K.L.:
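Structure in structure tokens, see below.
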Protein chains: 2
Amino acid sequence: MKADKGEWKLIEWIRSHTRLDPNVVPIGPGDDMALVSLGGESQCLLTIDALLEGTHFDLSKATPRQVGYKALAVSLSDVAAMASKPVAALAWVGLPSDRDMKFAQDLSAGMADAAVKFACPVVGGDITSWNQQLMTVGTAVVSRPAGIRPVRRSGAKPGDLLFVTGELGGSLLGRHLTFTPRIQEARQLAALVTIHAMMDLSDGLSTDLNHICRESGVGAEIVAEAVPVSEDARKLAKADHKEPIEHALNDGEDFELLLAVEPVDAQDLLKQNPLTGVKLTYIGKIVEGSGVVMVTGDGKRVPVAPRGYEHFK
Amino acid sequence: MKADKGEWKLIEWIRSHTRLDPNVVPIGPGDDMALVSLGGESQCLLTIDALLEGTHFDLSKATPRQVGYKALAVSLSDVAAMASKPVAALAWVGLPSDRDMKFAQDLSAGMADAAVKFACPVVGGDITSWNQQLMTVGTAVVSRPAGIRPVRRSGAKPGDLLFVTGELGGSLLGRHLTFTPRIQEARQLAALVTIHAMMDLSDGLSTDLNHICRESGVGAEIVAEAVPVSEDARKLAKADHKEPIEHALNDGEDFELLLAVEPVDAQDLLKQNPLTGVKLTYIGKIVEGSGVVMVTGDGKRVPVAPRGYEHFK
């Protein structure tokens with residue numbers, strides 16, 4: 001589940017107006033997934049994500065098959081963020097009435113690509129049409145802890161070291177359509193070290209790290225030079241005369257993992273990256289206080305405000 | 001989950017292109033809900049429904065709170081159709097960027113109305129905005145069998161008697177916003193008699209009974225005079241000079257139950273309605289063959305084609 005700035009206010013409002021029984025809903029709104037009890041020992045995790053044409057994809061730059069893949073992969077990235085294991089997905093699509101069956105089949109084939117790759121079958125859906133020019137598509141995914149305790153956003157503690165997978169920024173150049181949800185990596189890391197907090201980077205490091213801080217009641221310090229800036233972020237920076245790091249902090253849709261690791265365990269990760277074929281980078285640490293600051297090469301401390309993509313301001 | 005005529009073709013296509021492991025997904029696409037295994041004995045049911053402004057509601061006639069209620073109630077009607085018990089819901093909303101926080105709060109309050117009434121807490125969601133004039137909203141719901149085996153659409157047998165709850169037609173006059181998902185009634189009936197097939201009437205009796213027939217490989221005969229025609233259907237018929245029964249057959253969004261009951265058990269239901277405050281009406285029977293016919297007062301046999309609302313023709 002995504003959570004942008006305006007949305008955040010609404011989530012706070014919903015939270016304050018909802019009484020959830022913690023026995024039935026151990027993890028409620030505001031995390032990457034909710035955790036619910038199905039009676040007895042049985043639990044499952046739930047997430048939902050909506051993609052809107054023009055906001056999350058552009059059909060002049062993406063094929064319907066890519067959009068279908070992205071729709072499911074976005075929710076699977078939430079499955080990764082909780083270090084859980086996918087069970088099944090549901091999909092819905094709202095199509096302009098002039099789109100044809102072939103378009104819907106391509107979309108469905110793209111979802112199937114993600115479903116097969118990440119062992120998360122699409123078991124149902126809802127297809128509707130309307131007299132608008134743009135389409136909407138989305139998925140809900142159910143996962144299960146499968147032996148690993150779900151990792152929340154709210155458990156970060158001062159002293160924890162911060163890591164990210166992959167490289168950040170510039171996903172608009174294509175990676176936002178083709179990214180790999182880090183399900184395997186999240187479960188591998190959670191089995192190796194104590195992760196106090198984790199989320200997937202959907203709104204950009206600046207926004208998402210501020211979420212972890214807010215939810216955990218802590219602050220964070222990141223090291224500017226440590227942030228893994230993608231080649232795509234550099235390309236965009238050349239074109240728009242911004243700094244590459246701005247793209248890495250604020251672009252969003254990286255769908256990489258951000259994790260706060262218990263300091264003693266973190267030493268193991270500093271010595272050797274246990275992941276195969278995926279970068280794992282130390283970027284800073286959790287501190288007392290609130291908010292995020294970035295320490296630059298010349299020792300300046302720059303506040304990092306949430307500047308990722310914001311819906312519903 | 002809804003399933004209209006064009007959608008049906010797509011579902012057939014998806015089914016034929018998807019290999020689902022029946023141990024993991026005992027009930028897949030095409031029923032009111034999917035049933036999935038969470039490992040061990042643990043199972044849950046899943047459904048998703050999307051509402052599109054202009055197609056499923058009209059904000060000049062419905063308050064945002066009513067729309068929120070309907071969004072969740074539509075999925076809860078699927079929970080009823082499987083005779084299952086709600087566990088939790090997820091919601092998403094795509095809003096035109098000029099709608100304000102108050103609007104979103106009202107929508108959320110409407111969902112909470114349904115959540116509280118039917119013990120199905122909203123545990124998460126996704127809120128996004130776009131530059132379109134119309135909004136979309138929907139929910140995914142997880143339920144559990146809770147001691148009653150899920151009732152499918154595909155189990156109807158020749159000789160079964162057909163029943164519906166409530167009265168049909170004309171829901172557009174308001175009932176489509178305020179209906180009561182028949183969760184309690186479905187579970188009560190499933191605990192009393194053997195229900196071979198059940199679904200909720202979302203697309204209209206003509207469309208939905210044809211679905212049951214198609215899925216079960218049988219035909220059906222309904223008695224025209226037995227169909228419970230609502231007062232609203234009569235009102236609409238007066239205005240548009242159609243027959244009230246046409247509205248009862250084709251209007252859709254009744255969200256009542258349609259059930260095929262094992263013939264010996266059905267005798268009990270004919271003698272006495274076990275439901276409190278909800279009509280239960282015998283409307284006909286399942287027969288060998290295919291398709292639906294309606295027997296009129298003068299003995300004519302009229303074929304009943306699926307004429308409910310069709311998306312994505």
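Letters A, B, ... mirror the listed sequences (proteins, then strands); counts begin at 1. Remember, predicted model here, so these are calculated numbers, not experimental data.
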K.L.:
Distance check, rounded to the nearest 0.5 Å: A/Asp126 atom CG versus B/Asp49 atom CG?
P.N.:
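Nearest 0.5 Å value for the CG-CG distance: 5.0 Å.
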K.L.:
Looking at CG of A/Leu46 and CG of B/Leu46, how far apart are the two atoms once the value is rounded to the nearest 0.5 Å?
P.N.:
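So the CG of A/Leu46 and the CG of B/Leu46 are separated by 8.0 Å.
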K.L.:
Looking at OG1 of A/Thr136 and CG of B/Leu52, how far apart are the two atoms once the value is rounded to the nearest 0.5 Å?
P.N.:
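Going from OG1 on A/Thr136 over to CG on B/Leu52, the span is 8.0 Å.
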K.L.:
How close do A/Val36 and B/Val87 get, heavy atom to heavy atom, and via which atoms?
P.N.:
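Heavy atoms of A/Val36 and B/Val87 come nearest at CG2-CG1, 4.0 Å.
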K.L.:
What is the distance from atom CH2 of B/Trp130 to atom CD of A/Glu53, rounded to the nearest 0.5 Å?
P.N.:
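Here the rounded value is 7.5 Å.
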K.L.:
Which value, rounded to the nearest 0.5 Å, describes the distance between B/Gln133 atom CD and A/Gln133 atom CD?
P.N.:
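Going from the CD atom of B/Gln133 to the CD atom of A/Gln133 covers 10.0 Å.
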K.L.:
Do B/Thr55 and A/Thr128 make a side-chain contact, defined as non-hydrogen atoms from C-beta onward lying under 4.5 Å apart?
P.N.:
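They are not in side-chain contact.
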K.L.:
Sub-4.5 Å heavy-atom contacts with chain A: which residues of residues 137-152 of chain B show up?
P.N.:
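So far as heavy atoms go, B/Ala140, B/Val142, B/Arg144 are the residues that approach chain A to under 4.5 Å.
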K.L.:
What part of A/Leu38 gets within 4.5 angstrom of chain B, counting heavy atoms only: side chain, backbone, both, or neither?
P.N.:
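A/Leu38 touches chain B through backbone and side-chain heavy atoms alike.
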K.L.:
Of the listed residues (B/Val24, B/Leu134, B/Val116, B/Leu20), which shares the most heavy-atom pairs with chain A below a 4.5 Å separation?
P.N.:
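Highest number of heavy-atom pairs under 4.5 Å: B/Leu134.
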K.L.:
With a 4.5 angstrom heavy-atom cut-off, could you sort out which part of A/Ala115 is near chain B: side chain, backbone, both or neither?
P.N.:
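For A/Ala115, there is no contact with chain B at all, as no heavy atom is under 4.5 Å.
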K.L.:
Rounded to the nearest 0.5 Å, what separates atom CE in B/Met33 from atom CG in A/Leu90?
P.N.:
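That separation rounds to 8.5 Å.
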